[in-house]
Structures are given as structure tokens and as C-alpha cells.
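This structure is a prediction, so every number in the text was calculated from the model and none was measured. Both ligands and their constituent atoms are indexed starting at 1 by order of listing.
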Amino acid sequence: MLPSFSIVRPTTLDDALAQLADGEARIHGGGTDLLGCLHDGVFSTPTVVSLGKVPGLTGISSAADGGLRIGAMTTISEIVENDDVTARCGSLAQAARVVASPQLRNQGTIAGNLCQKPRCWYYRGDFHCLRKGGEKCFAYDGENQYHCIFGGDLCYIVHPSDTAPALAALGAICRVSGPTSSRSVPVESLHVPPSVDPQRETVLEPDEIITEIVLPPPAAGTRSSYRKVRARASWDFALAGVALALQFDGDVVASARVFLSGAAPIPWRATGVERAITGKTLDGATVAAAAKTVVAGAEPLAENGYKLPLFRGLIADQLEAIRRLG
Ligand SMILES: Cc1cc2nc3c(=O)[nH]c(=O)nc-3n(C[C@H](O)[C@H](O)[C@H](O)COP(=O)(O)OP(=O)(O)OC[C@H]3O[C@@H](n4cnc5c(N)ncnc54)[C@H](O)[C@@H]3O)c2cc1C
């Protein structure tokens, strides 16, 4: 049952920030994740602050430098359908297209997608786990087939967002407003690993609001892609996924940014893959070396060892696919 709470609908950003001042209120973007968490008792709040009436938080527009600005309340569907997104940052369009179901994409927003809570069944269920203030992660010795192979430290969730790895690979930045100032947070620095704080998903304070996401203009020769493998094609979270943003100089990879989904508690930067392909053509030997290195250092749990060959195959497939785009 949904517990009782007040819902407020501020009409200015300043008012929205004021409503968050007590540190207990929660932001409502599209509500697809927040209301589920409240309904399931994952956490509670006295006040839900809807951003639906705050002006200036929606829409996709070109920035003067050729980049893109995406308002925080822009829906995932709007991103899927936007021609500029498809043309300039194809991996984001691909990632948005595989988020959840059509209904959820129509309602869910890009900022909400970045800030959504993890999907671990212990965290979402009746378990007082470490992430909820308890003493242990039940997944470590429990049912852990959907949990992490990298970055598990006290808590073994995987980060759930598909757009986060794509945005991180593209070098996107979140513009964040707080009660006294604004700041910019690169998407690749937005999420908090459990080794730093197992009860926190993002670096945002409770009284801060993401107002927009800014994508830099793609460098000449950039190709990007996002692909996830999931158990159900209709809708499902990633078992394994990869976001690539590669800049080519002819056939040679001049620079590479590679982030994994379904791998770790945060979008996981695959620096070994980046090193294996930078300065190289994507021939068979380079692709094989990159596929081998993607799982170097992985620490699978009892039931998720299948992710190792999955990631190796995914990297090999996606590097082949992005090479053929040239
Ligand atoms: C059945 C189901 C399947 C799903 N499958 C996928 C999937 O495959 N891939 C995927 O990526 N996601 C998936 N999701 C998650 C869904 O995409 C997200 O719930 C949605 O994008 C979140 O957007 P929202 O606006 O509804 O977020 P909300 O529910 O409104 O908010 C989510 C969180 O973000 C915070 N928040 C919202 N807006 C802001 C802001 N502007 N600034 C700071 N914090 C903010 C909220 O306080 C809350 O903690 C699924 C969800 C469901 C219910």
C-alpha cells in the first residue's frame, strides 16, 4: 500500500529547492521509480516534491558549441524520438530505446533514470540490508545471479540505468542546483560506489536538483553505441551492457571511452578495454585482446559467473559492429 505523504507542486525552481530544505522530502520526476519505492516501503518521506510544474526543465536543444542540452524532466521517449540525439549521440538514443517499456519511457524522465534506486531484490524486499541501514548485504551469500562482478564492496548491487553508461561514455555533465549555488557534475562522477558509502547512490545532496544534462559536441570521427543483453526482450534491466564512444582517425581508434552496465554498483569504466584498442585498428587480434581484458579483475559471486563470457562476447560483437559503421 502507498503510505500517506504530502505532495507539493512548486512552480519555480527556487520554491522547489525550498521544499527540499528539510532533507527529508523526495523529488518526483515521472515517479516511476520513486512511487514504487514508497509503495514497497524501501524508504519513506513526509513530502514528495513534483517538478512537473517547474518551468525550464524540459526539452532538447542545441548548445552554441554544437553540443546538446537535455532538460532534466525530458522523458525517455522524447530522447528516443529526437533526431538530433540520434544524429549526434546515437548511443544515447540506443540506450533510451531499451529502457523499460513504452509506458515507462513515456512517463520516466532522464534525471530520474540517472538517480533511480537499485533493483536488488533484497534491497527492494523485506530485508534490512546494508544499503537500508542494516548490517549486511544478503546478496553476497544469497541469490546473486543478477548482482555485480566488479566494485562489490560490502554491497553487491548493479547500477540499474541504461542511459547513465551511455552519457558517461559521451562525457555528459549534469547541471545541479542547490539552495545557495549551482554546480556541474560529470555523469561519470555522479554515482557513489559502496566502498565510499553503501547507503548512497549519487553524490547529490537531498536538497539538490538536476536541472539539465549537457552533452559536449562530438569530436570529428566519433562513433558511439550502446547495447544491453537482458533476459526478456520486452522489458528488463541489463544482465550485461556496454556503451562505446570511440573517436577514429581513419581506421585507427584515436581515443576511447567504454562504460559497462550490469557489471558494477556504478556505471563501470572498462579502462582495460580502452587501453587495448586505443592507437589500434579494430582487427581480429585487437578485438580478441579487448574481449579478454574486459573481465580482467572481475570477482564473480556464486551464481553470476555466466557474466564473464557474456561480457567477453558483448565487447567482441560491439567492437566489430562499430568498426563496420566506418
Ligand atoms: C518495471 C520497470 C522496469 C524498468 N526497466 C528499466 C530499464 O530496463 N532500464 C532503465 O534504465 N531503467 C528502467 N526502469 C527505471 C525507469 O526507467 C526509471 O524508473 C525512470 O526513467 C525514472 O524516471 P522517473 O522520472 O520516473 O523517476 P522518479 O521515480 O521520479 O525518480 C527516481 C529517483 O530520481 C530522483 N530524481 C528524479 N528527478 C530528479 C532530479 N531532477 N534531480 C535529482 N533527483 C531526481 C527521485 O527523487 C528518485 O529518487 C524500470 C522501471 C520499472 C518500474
Which bit of [X] is near ligand 1, meaning a heavy atom under 4.0 Å away: side chain, backbone, both or neither?
{"X": "H159", "answer": "neither"}
{"X": "L104", "answer": "side chain"}
{"X": "P160", "answer": "backbone"}
{"X": "E205", "answer": "neither"}
{"X": "T163", "answer": "neither"}

So among [options], which one has a side-chain contact (heavy atoms from CB on, under 4.5 Å) with [X]?
{"X": "N113", "options": "T163, L167, T32", "value": "T163"}
{"X": "V252", "options": "L282, T278, T281", "value": "T281"}
{"X": "P10", "options": "T12, L13, V8", "value": "V8"}

Dump the intermediate steps for side chain to side chain donor-acceptor pair (under 3.5 Å) on S62 and R88, then the final yes or no. CA-CA 10 Å; S62 293; R88 291 194 236 172; 2.5 Å; yes

Joint cluster assignment, V48 & L20, ILVMFWY side-chain distance < 4.5 Å: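 Each belongs to a different hydrophobic cluster.
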
Out of [options], whose heavy atom is nearest to [atom]?
{"atom": "atom 21 (O) of ligand 1", "options": "N113, T45, D33", "answer": "N113"}
{"atom": "atom 26 (O) of ligand 1", "options": "T32, I210, L20", "answer": "T32"}
{"atom": "atom 23 (O) of ligand 1", "options": "I213, L51, T109, L190", "answer": "T109"}
{"atom": "atom 47 (O) of ligand 1", "options": "I27, L204, I76, V99", "answer": "I27"}
{"atom": "atom 35 (C) of ligand 1", "options": "G29, G71, C115, A96", "answer": "C115"}

For D33, is there an ion pair with R124 - N to carboxylate O distance below 4.0 angstrom?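 A salt bridge links R124 with D33.
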
Numbered atoms and elements of ligand 1 in range of [X], under 4.0 angstrom, heavy atoms:
{"X": "G108", "answer": "20 (C), 21 (O), 23 (O), 24 (P), 25 (O), 26 (O)"}
{"X": "W235", "answer": "1 (C), 3 (C)"}
{"X": "I209", "answer": "41 (N), 42 (N)"}
{"X": "D236", "answer": "8 (O)"}
{"X": "H28", "answer": "30 (O)"}
{"X": "S161", "answer": "11 (O)"}

Closest protein heavy atom to [atom], given as residue, atom name and distance to 0.1 Å:
{"atom": "atom 12 (N) of ligand 1", "answer": "Q116 NE2, 3.2 Å"}
{"atom": "atom 50 (C) of ligand 1", "answer": "F237 CZ, 3.3 Å"}
{"atom": "atom 27 (O) of ligand 1", "answer": "G112 CA, 3.4 Å"}
{"atom": "atom 9 (N) of ligand 1", "answer": "D162 OD2, 2.7 Å"}
{"atom": "atom 29 (O) of ligand 1", "answer": "L34 N, 2.6 Å"}
{"atom": "atom 7 (C) of ligand 1", "answer": "A100 N, 3.2 Å"}

Exceeds 12 heavy-atom contacts within 6.0 angstrom, atom OH of Y146: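 No.
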
Using a cut-off of 6.0 Å, state whether more than 12 heavy atoms not belonging to D251 lie near its atom CG.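 Open.
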
Return the [atom1] to [atom2] distance between [X] and [Y], rounded to the nearest 0.5 Å.
{"X": "L244", "Y": "S224", "atom1": "CG", "atom2": "OG", "answer": "8.5 Å"}
{"X": "L130", "Y": "Q199", "atom1": "CG", "atom2": "CD", "answer": "6.0 Å"}
{"X": "E208", "Y": "I27", "atom1": "CD", "atom2": "CD1", "answer": "9.0 Å"}
{"X": "S61", "Y": "N82", "atom1": "OG", "atom2": "CG", "answer": "9.5 Å"}

Under a heavy-atom criterion of less than 4.0 Å, does [X] contact ligand 1?
{"X": "G31", "answer": "yes"}
{"X": "M73", "answer": "no"}
{"X": "R119", "answer": "yes"}

Has R26 got its NZ or CZ under 6.0 Å from the middle of the six-membered ring of F43, at an angle within 45 degrees of the ring axis?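 Yes; both conditions hold, so R26 lies above the ring face of F43.
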
Between ligand 1 and E208, is the shortest N or O to N or O distance under 3.5 Å?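 E208 vs ligand 1: no N/O contact under 3.5 Å.
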
With respect to K117, determine whether any N or O atom, backbone or side chain, lies less than 3.5 Å from an N or O atom of ligand 1.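 No - when backbone and side-chain N and O of K117 are compared with those of ligand 1, no distance drops under 3.5 Å.
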
Assess the side chains of T86 and D83: does a donor N or O sit below 3.5 Å from an acceptor N or O?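 No, D83 and T86 have no side-chain donor paired with an acceptor closer than 3.5 Å.
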
Do you know which two heavy atoms are closest between Y226 and G241, and how far apart they sit?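 Of all heavy-atom pairs spanning Y226 and G241, the closest is OH-CA, 4.5 Å.
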
Look at the aromatic rings of H191 and H159 and report parallel, tilted or perpendicular, splitting at 30° and 60°.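 Ring orientation of H191 relative to H159: tilted.
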
